[in-house]
Amino acid sequence: MKTFLGYNRPVLTTMLKGKCKKELMFEIEVARLQGTDAFGMQIDLLPTVERNRADLKDLFDAMGDKPAYITNYTRGNISEKAQSDEELVDEMYMALECGATL
């Protein structure tokens, strides 16, 4: 089960910094090979076109049984339209449905 609870030591969490699915998939693979316990990811760093169910599911599936803490708060990057609070919350719920731990 994906959870941050139950560790008897600090949780080794890899903070993903990739700005597209391809970069994130590579970072996830390397981190898993190096023994990470969990992941942290800012989904707002992804291009809007990659913030969809299929791509998020692929990313969380690649994390296997490791929990994933996510944030979504920058309201889009400079090159994209700013997002409303409702849009940000909708993306968080979608990520949760796709495998984020929250």
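Keep in mind that this is a model prediction, so the values were computed, not measured. All residue numbers in this chain count up from 1 along the given sequence.
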- Can you run down the salt bridge (Lys or Arg N to Asp or Glu O under 4.0 Å) pairs that involve residues 90-102, sequence neighbours left out, and say none if there aren't any? R51-E91, R53-E97
- Message: Is it the case that the side chain of N72 and the backbone of L88 share a donor-acceptor pair, with hydrogens and angles ignored and the cut-off at 3.5 Å?
- Response: yes
- Transitive ILVMFWY cluster of L33, excluding itself - 4.5 Å side-chain cut-off: none
- Task: Compare every heavy atom of A95 with every heavy atom of I43, then report the nearest pair and how far apart it is.
- Result: CD1-CB, 4.3 Å
- According to the salt bridge (Lys or Arg N to Asp or Glu O under 4.0 Å) rule, which pairs have a member within residues 3-22, sequence neighbours left out? R9-D37, K21-D55, K21-D58
- Task: Tell me who clusters with V11, hydrophobic residues only, linked when side chains sit under 4.5 Å apart either directly or through other members.
- Result: F4, Y7, Y69
- Query: Does the side chain of L24 come within less than 4.5 Å of F39's, by heavy atoms?
  - Reply: no
- Side-chain contact test, heavy atoms from C-beta onward, threshold under 4.5 Å: evaluate it for M15 versus T13 and give yes or no. yes
- Message: Within the structure provided, determine whether T71 and D44 are in side-chain contact (heavy-atom separation under 4.5 Å).
- Response: yes
- Note on the structure: When rounded to the nearest 0.5 Å, the distance separating CD of Q42 from CG of L16 is 10.0 Å
- Nearest-0.5 Å distance that lies between atom CD1 in I70 and atom CG in L96: 7.5 Å
- Item | Pair listing, side chain to side chain donor-acceptor pair (under 3.5 Å) test, anchored in residues 23-36, at least two apart | T14-T36
- Message: So which atom in I28 and which in A62 form the shortest heavy-atom distance, rounded to 0.1 Å?
- Response: CG2-O, 3.5 Å
